[in-house]
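Each remark here refers to the structure printed beneath this line.
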Amino acid sequence: MSIFTSEDKRMSLADAAAIVQDGMTIAVGGGLSWREPMALLRELVRQGRRDLHVVGTAHGVDVDLLCGAGAISIVEESYIGFEQDFGMAPNFRRVCESGRVQMHDTCCHTIIQQLRAAEYGVPFLPVRSVQGTDFLRLHPEYKTMTCPFTGLPLVLVPALVPDVAIIHAQYGDAQGNLKILPPLVADLFFIRASKHVIASVEKLLPTDELREMEPNVPYFWVESVVEIPFGAHPTSCYPFYAYDRAHLAEYYQAAQAGPDVFSRDYLARYVFEPATHEEYLSRAGGPAKRHALESWKDGDDAWKALFTAPEGAIA
Amino acid sequence: MSIFTSEDKRMSLADAAAIVQDGMTIAVGGGLSWREPMALLRELVRQGRRDLHVVGTAHGVDVDLLCGAGAISIVEESYIGFEQDFGMAPNFRRVCESGRVQMHDTCCHTIIQQLRAAEYGVPFLPVRSVQGTDFLRLHPEYKTMTCPFTGLPLVLVPALVPDVAIIHAQYGDAQGNLKILPPLVADLFFIRASKHVIASVEKLLPTDELREMEPNVPYFWVESVVEIPFGAHPTSCYPFYAYDRAHLAEYYQAAQAGPDVFSRDYLARYVFEPATHEEYLSRAGGPAKRHALESWKDGDDAWKALFTAPEGAIA
Amino acid sequence: MNAGHITYATLPEVMIYQVARTIQDGELVFHGYGSPVPALAMLLARRAHAPHMVHIEGATYGINPEPPFLPPTSNDWSLSRGSVMAIGISDLFDIAARGDMGRMFLSGVQIDRYGNLNVTAIGDADTPRVKLPGSGGGCNLSGDVQHITIWTTGQRAPTNKTGKRQFRFVKHIDFISSIGHVSRDGVSRQALGLRGGGPDWVVTELGVFDFDPVTHVLRLRALYPDTTVQD
Amino acid sequence: MNAGHITYATLPEVMIYQVARTIQDGELVFHGYGSPVPALAMLLARRAHAPHMVHIEGATYGINPEPPFLPPTSNDWSLSRGSVMAIGISDLFDIAARGDMGRMFLSGVQIDRYGNLNVTAIGDADTPRVKLPGSGGGCNLSGDVQHITIWTTGQRAPTNKTGKRQFRFVKHIDFISSIGHVSRDGVSRQALGLRGGGPDWVVTELGVFDFDPVTHVLRLRALYPDTTVQD
């Protein structure tokens with residue numbers, strides 16, 4: 001929704017995250033346990049952001065972390081959980097049930113149609129589905145109409161323009177061109193619909209090298225780029241690393257044990273105390289852990305082993 | 001709009017083209033002088049197709065040829081011409097001015113929104129532009145409404161479902177997976193919105209080789225695949241060949257000289273008399289011509305030389 | 001211990017078989033994330049009676065993948081291995097919305113007699129008693145997909161902390177996350193203008209159900225040998 | 001003989017310069033196919049006063065290309081050479097529709113005093129006297145783009161076969177292909193709900209024009225040294 005033409009978009013993690021202000025609507029890239037911009041989100045928490053409205057499709061630890069840190073007031077996503085892995089998202093569940101966070105649950109195609117409306121510069125897009133479900137009750141901003149072409153009922157969903165899209169990409173250059181590898185989830189929709197885009201990348205490349213990779217996000221949509229290797233940890237970022245199941249299990253146990261334990265055992269240890277991303281990585285297991293998460297490349301057995309539950313880790 | 005799951009979609013040019021029937025709405029891939037499915041279109045003409053309704057964005061010799069052969073009754077495109085190269089499209093102009101063909105001129109974003117409506121399974125999409133222009137007069141099927149969100153006027157353009165998309169891709173496999181190289185123009189929109197997709201490809205590859213190229217069209221949208229090297233001639237199909245400017249000049253002169261000359265000097269010679277695509281290529285210059293059109297790879301001077309007007313070729 | 005293997009061993013193979021049976025050859029079929037039963041049923045169907053089924057893998061949207069194992073999270077590259085290509089999230093939902101998705105699988109924490117499902121919240125939606133993870137794409141897909149198989153491994157009602165038995169099949173559904181045959185207001189899916197045919201089969205750990213073609217109400221079709229109607 | 005060079009040599013450099021001057025630094029700028037004057041003006045502007053302009057090349061949609069020459073057809077790979085990437089046709093039009101395209105260039109065979117342009121048909125649209133090639137994306141873009149430069153190399157009226165002088169600036173326009181400031185029915189673009197600001201500059205082979213801010217009518221701003229008002 002804007003054009004950013006500076007030649008050098010490189011920023012510190014702190015400066016990039018500071019583009020997000022209290023009360024803004026944010027769209028978080030990736031999904032479930034894949035390519036979520038965790039380093040940027042941890043920085044948002046460190047900076048004490050409040051009252052964020054988060055929108056998207058199916059997410060996990062990213063949104064649950066923001067819920068557990070008290071950074072969010074509205075969740076408008078299609079799913080927040082840990083799938084068959086650990087099940088429900090403890091912090092998300094707790095803040096919804098206490099009423100501290102408004103659950104504006106949505107559905108994947110609905111939110112894509114809303115982002116597309118923003119992308120196409122029109123006030124709404126029509127949707128045939130959703131009718132007959134209680135999502136209409138939850139979203140008084142949707143309208144219904146009788147289609148002038150078919151005479152059948154339709155739902156009109158309004159354009160959704162996030163203030164900031166927060167993206168983690170595999171590759172980028174200083175100017176802000178990005179190469180995001182699939183599953184892209186909703187990242188390209190977020191990027192095209194949002195007013196600001198901040199991106200962390202695993203690897204910053206010279207533009208000529210990035211060109212060979214056929215980037216899929218042009219620089220003029222991106223406002224800041226931060227190189228943060230392992231910036232999606234504990235979610236996965238192939239072809240670099242698989243997700244850190246042991247870390248997620250530790251996260252889940254802390255969150256499950258209630259807000260105080262979560263604050264002490266997770267937020268303090270992994271978000272507030274580490275002064276730098278390097279310090280975070282070192283607390284999260286250091287080079288040995290990083291090496292282990294890269295071992296998915298060593299063959300199916302090594303890869304499979306990364307999904308093994310650590311002894312006693314799952315409640 | 002359909003799912004085609006046969007394991008082997010390879011067909012003869014004649015069988016593939018026969019999927020198009022008189023009166024159908026067709027979407028022709030490529031654009032201007034680039035990657036147009038010319039071999040398939042010549043076959044349509046040979047089979048005597050009539051009353052086709054052709055839809056798309058900015059095209060050239062493809063639609064002009066169909067106009068000159070009497071195959072079309074409605075043209076719903078955004079532009080038919082030869083740009084600064086040769087200017088207006090003689091056959092298109094003639095059949096519009098005589099009233100034999102209805103000019104349903106459209107505009108690029110409008111037609112994309114109509115194809116998107118088909119793709120998203122909704123009866124229409126809204127458009128903010130078009131208002132104040134005479135395209136509304138030309139298209140009574142468009143509707144206008146007051147937007148229930150903004151109170152401002154909007155145009156609603158109906159879903160457009162072509163019967164057949166006719167595509168020329170660089171690469172494909174027997175199952176119908178395709179790799180189309182950019183500019184993609186509207187090809188992916190046509191493929192997703194149409195009931196049938198027939199494709200010619202420069203090169204048929206084993207599936208494992210195609211996978212390495214990261215195909216962008218899944219097999220289940222494609223009903224037939226025909227391998228036709230130089231199947232886009234006289235338009236370009238990089239990285240294989242540049243367009244054949246001398247041939248287009250010959251085409252233009254014949255078309256400009258009136259329907260009788262065009263029938264005799266172009267249609268007979270290049271469409272009706274050649275029994276096979278190989279025979280067509282041989283009449284169009286044979287191996288020497290093919291080699292010349294591939295010479296764009298030899299450096300800027302060689303490439304530039306391909307755009308030189310042949311002596312006296314332009315009227 | 002491998003999660004894929006745990007999954008495989010602890011889920012009743014008979015359920016996977018029953019879910020696989022609902023798939024027709026030649027149709028495009030999708031399962032969502034967190035759905036090991038449909039995932040395995042689709043792999044089975046494609047190897048057995050539906051070789052021309054188009055398998056779209058949940059979350060990676062890989063086409064006809066040959067995953068080396070089933071990881072417990074769904075946006076994982078292992079799940080698109082062997083695919084010639086993957087489509088995007090929008091392609092997947094658009095395919096359904098234009099009527100080209102043959103079958104999909106949905107589950108629910110509450111299931112009512114018309115096949116409406118709740119995976120959003122128990123209690124009041126403003127401050128729910130239990131906030132469930134959410135419907136993912138289920139809300140849209142329930143309206144759009146040609147045929148839907150409902151599956152659940154939790155039909156047998158457990159007792160909660162207060163000793164009350166919690167039934168998965170409920171008379172009153174707290175939140176309709178995905179639409180079955182009749183809405184809360186008694187409107188049929190046809191009158192709502194929905195494209196898909198709605199759920200036709202319900203496979204649980206106890207038996208197989210379908211819907212009466214006239215009343216659209218769930219009815220028992222078959223019990224597995226080791227279960228009773230009392231369950 | 002190279003077409004790109006022919007083009008370059010035969011078009012008045014002063015026109016290219018005047019068109020380039022209408023471009024601001026930092027804005028996203030697009031030219032359509034068959035538009036050598038804007039194409040050269042954009043290359044010039046980016047090298048001169050607008051280094052942060054985003055150049056989107058007509059038809060290939062290459063970003064900031066460094067073409068080795070200008071071919072006479074626009075979907076040509078030579079026109080995206082040097083781009084880090086290209087966007088798609090839909091991206092281009094969507095960018096304009098959401099208000100992010102700063103400037104675009106349009107031409108017309110008929111131009112009326114409000115900047116409405118005709119590139120569709122002379123005469124009646126049902127059976128036109130002259131069928132013109134069509135507007136490409138001009139119709140949509142004329143409504144959406146922030147600022148539009150109108151350019152024409154054919155303002156000086158030639159005489160036709162019957163000796164009648166054919167003016168490019170016309171009182172009555174046969175077909176409005178792209179909207180200027182006021183519609184055929186006298187409705188302003190604001191009242192039409194259009195997003196863009198409409199044409200602000202008109203550059204011809206004779207001089208430079210703009211639009212009166214109150215009446216929205218075309219007015220002469222500068223003549224080139226070798227032309228007269230009579231022309």
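- By the 30° and 60° cut-offs, the orientation of the rings of C:F69 relative to A:F307 is tilted.
- Residue contact with chain A, scored on non-hydrogen atoms closer than 4.5 Å, is absent for C:V119.
- The side-chain heavy atoms of C:V130 and A:E97, taken from C-beta on, include a pair separated by under 4.5 Å.
- Using a 4.5 Å cut-off on side-chain heavy atoms (C-beta onward), A:R137 and C:R184 make contact.
- Between A:R245 and C:P72 the shortest side-chain heavy-atom distance falls below 4.5 Å.
- With 3.5 Å as the limit, one finds a donor-acceptor pair spanning the side chains of C:D76 and A:Y238.
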Inset, instruction - Go through the steps to decide whether A:H109 and C:D94 satisfy the test side chain to side chain donor-acceptor pair (under 3.5 Å), and finish with yes or no. - result: CA-CA 8 Å; A:H109 204 211; C:D94 294 339; 2.8 Å; yes
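- Here C:N75 contributes atom CG and A:E83 contributes atom CD; the two are 7.5 Å apart, rounded to the nearest 0.5 Å.
- In this structure, the side chains of C:W77 and A:P239 come closer than 4.5 Å at one or more pairs of heavy atoms.
- Neither side chain, A:D134 nor C:S177, offers a donor N or O lying under 3.5 Å from an acceptor on the other.
- Within the 4.5 angstrom heavy-atom criterion, atoms from both the backbone and the side chain of A:P153 approach chain C.
- Near-neighbour residues of residues 80-92 of chain C relative to chain A, defined by a heavy atom under 4.5 Å from a heavy atom of that chain, comprise C:R81, C:I89, C:S90.
- For a residue to count as touching a neighbouring chain, one of its non-hydrogen atoms must lie under 4.5 Å from one of that chain's; by this rule A:S33 touches chain C with backbone and side chain alike.
- There is no contact between C:Y61 and chain A, counting heavy-atom distances below 4.5 Å.
- By the 4.5 Å heavy-atom criterion applied to side chains, C:S135 and A:D105 are not counted as neighbours.
- Interface remark: C:A96 contributes no atoms to any contact with chain A (heavy atom separation under 4.5 Å).
- Contacts between A:V101 and chain C at a heavy-atom distance below 4.5 Å are absent for every atom of the residue.
- Of the atoms belonging to C:L132, heavy atoms from both backbone and side chain fall under 4.5 Å from chain A.
- Looking at A:R94, there are no atoms closer than 4.5 Å to chain C (heavy atoms on both sides), in backbone or side chain.
- Residues C:P128 and A:M103 come closest through the heavy atom pair CG-SD, 3.9 Å.
- Within the 4.5 Å cutoff, the side chain of C:C139 has heavy atoms near those of the A:T133 side chain.
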